[in-house]
There are 2 protein chains.
Amino acid sequence: MERLPKRQRHQQLSRLLEENPFLTDRELTRKLKVSIQTIRLDRLELAIPELRERLKLMAERSHDSVKSLPLHEVIGDIVDLQLDKSGISLFEITEEHVFSRTGIARGHHVFAQANSLAVAVINDEIALTASADLRFIRPARLGEKCIAKAYVRSSGEQKGKAKVEVFTYVGEEMVFQGNFVIYRSAGETNT
Amino acid sequence: MERLPKRQRHQQLSRLLEENPFLTDRELTRKLKVSIQTIRLDRLELAIPELRERLKLMAERSHDSVKSLPLHEVIGDIVDLQLDKSGISLFEITEEHVFSRTGIARGHHVFAQANSLAVAVINDEIALTASADLRFIRPARLGEKCIAKAYVRSSGEQKGKAKVEVFTYVGEEMVFQGNFVIYRSAGETNT
DNA sequence: ACTCTTTTTGGCACCTGGTATTAAATCCTA
DNA sequence: TAGGATTTAATACCAGGTGCCAAAAAGAGT
């Protein structure tokens, strides 16, 4: 039995729609050289919804992913904050934070959580990172919940700089440690 | 002339569709208590496309933003790369990177560019940031183009660690400098 | 060569969510 | 009360399908 042609076509169809979900059945007939009914049977078998449904799905995905894009403000959820003293934030490592090959979080996300917290804990109008000293103790992995704890070591209202120490844990294990020096507006703003 | 009802309806219609672009004209008639023709005239005047067009637009946006979503892989465009030697990347500060009150870039974005480049420049299957030492020399601001230059100082194939130095400039001015220690898979992978 | 099954086509009615056009009804106000 | 703006109605048409049924074509088995 040379049942291949159908399977092959199914594969091609899947591939085509994966790389361009905007194709109508009619356009697919031209690419695959079969009738439109065949295309529709194929979609049925492969459980691929019609064009409009595909677009709707994509639109829905993009609609609620607006919320989950944490690029703008604080990275991680701050669950406790004592200004000029200490703070705690939570951050869960999801697919978008990891190297896809290894499932290990990219360093800048772990840093972003710690940095956001270090800035937030400083009780001032303007607080900017001046310098930092980081240690990635062990990699954080997909699905892990990172708990960052920040302690203000010297707030130095006069000097314009504050020192903040941040420790990030997964469970009991420490995964990251950083010493931050934060500029605060009391001292100077910027050029 | 009590021309308000129309303008008011137009405003409501815009608002409704803004917060839920998935509404059909028929659903809108129920919300606004006017005939479907009125809804269509209104959309015409307001140049709001029909439901399917709206969904298509959203789908398209989300489709090619896959490329421009810089969350996953490398932050910044790498324009030059000599593995185990040096690399250059460009990154423009846009609204989403800054504190909205001050227009100053959040530190973790500047760090992310430098960190991505430091990892990219290491010629190895797996490269992870081990530790880093950072100096934010002056704030990067909205609209500025950051040029990060990375130099591998000691690649240490045996030791499993490489040292990378990164300098980030806006024009002639240095805004950031960092010393990175990168784990490379030659030495050890991970737990 | 003749079955039997799978696969592929074709045709037709129907659906949704519209556009386009023309016409009638309703307001408002000068 | 005439006249423009506004609203509603009615009808034809379109894209991109679904659902269903039948017929043609292609293989496979013996």
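Below, each value reflects all heavy atoms present in this structure, side chains not excepted, and no hydrogens, waters or symmetry copies. Lettering follows sequence order; numbering is per chain, from 1.
- Judged by distance alone with a 3.5 Å cut-off, a donor-acceptor contact links the side chain of B:Arg52 to the base of C:dG17.
- As judged by a 4.0 angstrom heavy-atom cut-off over every strand, B:Arg54 is placed among residues making no nucleic acid contact.
- The backbone N or O of A:Ile48 lies less than 3.5 Å from a partner atom in the side chain of A:Arg43, making a donor-acceptor pair.
- The CG atom of B:Leu23 sits 13 Å away from the C1' atom of C:dG17 (whole-angstrom rounding).
- The main-chain N or O of A:Arg141 is found under 3.5 Å from a side-chain atom of A:Glu144 such that the two form a donor-acceptor pair.
- In this structure, the CG atom of B:Leu55 is 11 Å from the C1' atom of C:dG17, given to the nearest Å.
- Look at CD on A:Glu50: it is 12 Å from P on C:dT16, rounded to the nearest Å.
- Counting only distance, with no hydrogens or angles, the side chain of B:Glu45 and the backbone of B:Asp42 share no donor-acceptor pair below 3.5 Å.
- At a threshold of 4.0 angstrom between heavy atoms, the contacts of A:Arg26 with the nucleic acid are absent.
- Checking side-chain atoms of A:Gln113 against main-chain N and O of A:Cys146 turns up a donor-acceptor pair under 3.5 Å.
- Rounded to an integer number of Å, the gap from B:Glu53 CD to C:dT19 P is 9 Å.
- In this structure, the CG atom of A:Leu28 is 13 Å from the C1' atom of D:dG17, given to the nearest Å.
- No donor-acceptor distance shorter than 3.5 angstrom exists from the side chain of B:Arg153 to the backbone of B:Asn179, with no hydrogens or angles considered.
- Two residues are said to be in side-chain contact when any heavy atoms from C-beta on lie closer than 4.5 Å; A:Ile36 and A:Arg40 meet this criterion.
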- Task: Would you mind building the protein contact string for nucleotides 9-14 of chain C? One character per nucleotide, 5' to 3', B for base within reach (heavy atoms under 4.0 Å), S for sugar-phosphate only, - for untouched.
- Result: BBB---

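- Between the P atom of C:dT19 and the CG atom of B:Leu44 lies a distance of 8 Å, rounded to the nearest Å.
- Computed from coordinates, the B:Arg40 CZ to C:dT16 C1' distance equals 10 Å when rounded to whole Å.
- The closest donor-acceptor contact from the side chain of B:Arg138 to the backbone of B:Met174 lies at 3.5 Å or more, if one exists at all.
- Rounded to an integer number of Å, the gap from CD1 of B:Ile39 to C1' of C:dT16 is 17 Å.
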